[in-house]
Amino acid sequence: MKTESRLKRLGTHLLLLMLVFINLVPLIIVLSSSLRSPRNMTNPLNWFNEFTLESFISAYTRMNFPIALWNSIVLTSVSVIFVVLFAAMAAYPMARIRSRTSKFLYMFFLAGLVVPGQMVLIPIIQMIKGLGIPLGQYTPILMFITCSLPFSTFLYTGFIRSGVPEEIEEAAYIDGAGLFTRFSKIVFPLLLPVTVSVIITQGVWIWNDYFFNMVFITKTLDSPLPVAMLGFLGDQQNPAQWNVLFAACILCVLPLLVMFFALQKYFVGGLTMGSVKG
């Protein structure tokens, strides 16, 4: 029996190692190709046959990396800040008030997970123009906030119900704390794990999104990193510069890696507790 269990454990470990290797192969190809010169178009499976930063320098220069990075930081940070504030304030009454209205509002927010923003893009553009909102660099923020609210509200509602005891608020109410004071000084600080989860999950897709940015942003200098990378894809006359494109991908993902490693200790707890009770 011990021999069979050891063989099963060994087989499981080998299978997991194989899956890890299969998932790492594309990342290794990207890293290896980015360390080649733009002219080196040898077999990408011939890993690390050259070590040079020419592709990184070319990508950094041609995509105006500092400007594109700043545009991405502004779009992502402003969108995430408003998502956190709106979602937390919307989830608080839905988690605490037990009525048909709160249940209806909760299901209303969940319904937003079913309909992607791309499906209603044309009516939204017509509505934006009807309201007199100019289309420009910061217009995608409206779409990012709208598309992020359903999932973020779902996480906050579940976390408040399962992770924030009502007794703490009752004690503050007895001491004379008002509704805004209870939310801002007691409830919201306890939402740190789920807030970090919202920042990471919504921040990553906002950072990587190029659809809404391509629709609303028309000036090159206003483009964030995902749109700036499209210039390396090429066309029929100019083939894609894969080594430079892979270097640009690594430059774009580095800020996300820094953010994730800084916030990862809160990430898992916020997701798991936020999904216990819906």
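Both backbone and side-chain heavy atoms feed into the values below; hydrogens, waters and symmetry mates do not. Quick caveat, the model's predicted, so the values are computed rather than measured.
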Would you list the pairs meeting salt bridge (Lys or Arg N to Asp or Glu O under 4.0 Å) in which at least one residue belongs to residues 211-221, sequence neighbours left out? none
Rounded to the nearest 0.5 Å, what separation is found between the OG atom of S197 and the CG atom of L155? 6.5 Å
For residues 83-96, the salt bridge (Lys or Arg N to Asp or Glu O under 4.0 Å) pairs (sequence neighbours left out) are R96-E169
With sequence neighbours excluded, residues passing side chain to side chain contact (heavy atoms under 4.5 Å, CB included) with Y60: F65, P66, L251
Surrounding CZ of F211 (heavy atoms of other residues, nucleotides or ligands, distance under 6.0 Å), is the total greater than 12? yes
Output all residues satisfying salt bridge (charged side-chain N to carboxylate O under 4.0 Å, His left out) with R98, sequence neighbours left out; order by chain, then residue number. E166
What distance do T181 atom OG1 and I186 atom CD1 have between them, rounded to the nearest 0.5 Å? 8.5 Å
Before you tell me yes or no, could you show the steps for V74 and Y138 under side chain to side chain contact (heavy atoms under 4.5 Å, CB included), namely the whole-Å CA-CA distance, both residues' side-chain angles and the distance that decides it to 0.1 Å? CA-CA 9 Å; V74 171; Y138 303 112; 3.6 Å; yes
With sequence neighbours left out, write down each residue that passes side chain to side chain contact (heavy atoms under 4.5 Å, CB included) with W205, or none if nothing qualifies. F144, C147, S148, Q202, D209, F212
Quick one: pull up CG in L24 and CG in L31 and give me the separation to the nearest 0.5 Å. 11.0 Å
Out of curiosity, N49 CG to F51 CZ, how far, rounded to the nearest 0.5 Å? 8.5 Å
Mind jotting down which residue pairs meet the salt bridge (Lys or Arg N to Asp or Glu O under 4.0 Å) criterion with at least one end in residues 53-81? Sequence neighbours excluded, please. R39-E54
Under 6.0 Å from the CG atom of L257, do we count more than 12 heavy atoms belonging to anything else shown? yes
To the closest 0.5 Å, what do you measure between CG (L69) and CE (M63)? 9.0 Å
Counting only heavy atoms not in F82, do more than 12 fall under 6.0 Å of its CZ? no
Within one Ile-Leu-Val-Met-Phe-Trp-Tyr cluster: L191 and F180, side-chain cutoff 4.5 Å: no
